[in-house]
Amino acid sequence: MAVQLCLLLLLFCGSTISEVQPIYKPPPGTLDFGFVPAKTYDTGAYHEPGPIGILFKVVHAFLYLVQPNPFPQDLIRKLAQQKFGNTQGDYQKPENVVLTLQAIYYEIGFIVSAALGLLFILLLPLVGLCFCMCRCCDNCGGEMHQRQKKNADCQRSCFATFLFVASSIISVGVLCAYAANQHLTSQVRGAKKLVNSNFKDLKVFLNDTPAQIDYLVSQYNTTKDKALSDLNNVGPLLGSRVQEQLGKEVRPALDAALTMAGAIRETKEALENVSVSVEVLQEGTERLHGNLTDVKMHLSNTLNDSACAAAQAASTCNIIRNSLNQLNINANFSGLPGVSSQLAKVNDVLKIDLSSLVQKGYAAFNDTPDLVVNQTKNILSDIKNVLESIGSNISNFTKTLPVQKIIADLTVYLTQSEANVQDYFPLVEQYDFYRWLGCLILCCMVVLIVIFYYLGLLCGTCGYDKHASPTTRGCISNTGGNFLMAGVGFSFLFSWVLMIVVVLTFVTGGNIEKLVCEPFEDKTLFKVLDTPYLLNQHWKNYLSGILFKNPNINLTFEKVYSDCKENKGIYTSLHLDHLFNINEFLNISMYTEDVALKIEHIQINLSKIILLDEIGKENLLNFSSSGIEGINFGAYLTEINKSVTKVDLLSFANDLEARADQLPKGALENALKGHANNIRMIHSQQVVPLEQAMSTLNQSIRLLKRTSSELMVKVKNVISAVNAAQLLINNNASLVIVQETKKYMDTIIGYFEQYIEWVKESIAMEVAACKPIANVIDTAVDIFLCSYVTDSVNTFWFGLGGSSIFLIPAIIFAVKLSKYYRRMDTEDVYDDVETIPLENMENGNNGYHKEHLDGIHNPVITSSVEQW
């Protein structure tokens, strides 16, 4: 019931999204939906054993030596799928025999080790019994007589050393066992906190899911607000897009018309400059001609002076006289045609402000966004209503979901489970106390034996007197020997009990480590569980059969565990789309289709936009027929290219002054210099202004020449471009509007697609993240079963088993050593001269000392002889 409730809750987690078939995916503005709220889980599914972890690793290495074979996946699958009947014939089937042999081969290490342990259990008590009976018969070291040997001290030291080493190893083993016992108890007591942490995380998992659902639903407002923002800005968005596309044709046409309007104004200015410049040049050249004529006449009169007849001045005067012909004008502007008629026609053209008409066209075209806004008010209002209805439907639908009831039911179930677990904890601790006490008793058995050995070594070593004979050994030495024999006796009594515990825990703990813990760590165990038809012979996939009643769904333990380990959403981890398809649960596509249809029905009429009316076009044609192309530009350029005078007046004046300096000082020299200054004045006052006027005339004529070049063609091209742009607006703008409207629509729908993809990703990765489920599995298997219990149990049998095994050499060395510490009843007596016992000479090999030989009364010997 709890599983079904949990699945139903998780299904409702995905009830807020659906799928839209994309038509066109432009790169819309990226929406920021924030982060799905998620709480932090307290459970850390990882256990660090601490210093005892070194022992765990040693035990793991030992188990690898015992069982180096890899995890038998195929064998376990076959064993699980194989049916063993109750009859003898079923076990004798060839396939069953093969499987049995394979299992034995895999377990051969454990089998051999367990067999040795059983042999230990059977033989050691039997050997102990025989050993005791033998000693009771004064054999097997039971005879209280010690034969003297030359290497007795060496043997005693060796036996003592070996016994000490064996006892030390036994001590280390029992310490390991005790540490493992204490570690298991402390971990069991601390498991309550870990279990509570897991239950807390599960409650957080349940309580956090509704808030995550609400957050997913609330983020629809982000999408809606962005869509509404774009709808409210339909002018700048859609209108600007339309304007941008149409502007590729419209703006160049209007720019050309505006350029032509500027050309008309420039033409007028150029014509005015030509008219004024020609007039200035005609008047100036006429005045300059008169002034130059006067200068030549005065110079000629000066040169006719008698001073020029002198031999020193005659040649200079002749040179000057011969250069007077250069003082004359060169350019003649009186014959240039006028441009008054062309200027009058251009003035008539300028009576109509063409620039103003073109600017009106610009203004009309720039009003496209406003036209779009005005013509889409009704449709945009409907779209906004659709968006509001989508949000209302999502909110209303999520309110109808019994999420709170499901959460409450699961919380109650979880609380009851936690209470049950809490109720079992005292019982678990009680039984663990019994286990701890039993293990402690086992350790105390070993400790008791070791204490006897240590006390025997201590008393024997400290009380031993090498000068004392075996029959006269001290009490301390004799007590040490008795301690050693007591240790031997307890070893025979306890060793088989210890080994029974060791064998049972070894077989159990070792196989759990090799067959559960190690394959769980590398997920091999999940691969076995995912074997088709393994756990249920009728189901291909057991997990999907349990959850969905459909074993054909490819849902595996390994994939679910791995996804939950990565904290993915449980919808993805459990493949809940097979049980509940979130893409079909809430079909937003029909709403987006409504939005798309309404946007597609947007009709925008731009026929009211007039780029250039007929008056403007007629004005352009009048300009083309103004006659400026009929101006005789060649005549103008010919005169313009000439200089104002035939000679540079400044150079002439300078030359005249230089020649005057060659003449003798006097009136002639002064007169010539006066004429030179007069010529300079004429140049500065008349020639320079004329040159400036010629420059202006040159610029204006060249401008008019460029403007008039194919003027009719240029005007017609401008008018054609304007007409083509106007035709595009009137007839073909609908195609552009449809294209841009589609892009605009796809941008709006793209916001919904972003929302849907974000919700899908959130459902897959963040909503109801199933990390607590993986933590529960890790806590139960990896931490509690493997780290707490199995590692501790394995370390316990490892230490206790090692101690038990070393009891065997300890028994041997203790029995041998006790002979050197205990007080003997009889001893070998040697003659002071002879090196062989006197008894051996007189009484054969019995080695007993006779009373009459020494003359000393020995009651022990006397008693023995009498009995003999």
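Bear in mind that the values here come from a model prediction, so they are computed numbers and not experimental data.
- Residue pairs meeting the disulfide (SG to SG under 2.5 Å) criterion with at least one partner in residues 748-786, sequence neighbours excluded, are C517-C786, C564-C770.
- Between R77 and D74, at least one side-chain N (NZ, or NE/NH1/NH2) sits under 4.0 Å from a carboxylate O, which counts as a salt bridge.
- Applying the side-chain contact (heavy atoms from CB on, under 4.5 Å) criterion to D225, with sequence neighbours excluded, gives N221.
- With sequence neighbours excluded, the residues satisfying side-chain contact (heavy atoms from CB on, under 4.5 Å) with N196 are K192, E418, Q422.
- Applying the salt bridge (charged side-chain N to carboxylate O under 4.0 Å, His left out) rule to pairs touching residues 766-782 yields K565-D778, sequence neighbours excluded.
- Minimum heavy-atom separation, L525 to F520: CB-N, 4.0 Å.
- S417 places a side-chain N or O within donor-acceptor distance of the main-chain N or O of Y413, the cut-off being under 3.5 Å.
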**Request:** Could you go through the side chain to side chain donor-acceptor pair (under 3.5 Å) check for N794 and H60 one step at a time?
**Result:** CA-CA 9 Å; N794 287 340; H60 292 167; 5.8 Å; no

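- Relative orientation of the W539 and Y542 rings is tilted, given thresholds of 30° and 60° on the angle between their planes.
- Taking the side-chain contact (heavy atoms from CB on, under 4.5 Å) definition, one finds that V428 meets it with V188, sequence neighbours left out.
- Residues passing the side-chain contact (heavy atoms from CB on, under 4.5 Å) test with K523 are F526, E558, Y561, S562, sequence neighbours excluded.
- Remark: the backbone N or O of L543 is not paired with any side-chain donor or acceptor of N541 at under 3.5 angstrom.
- Looking at Q187 and V789, their side chains never come closer than 4.5 Å, going by heavy atoms from C-beta outward.
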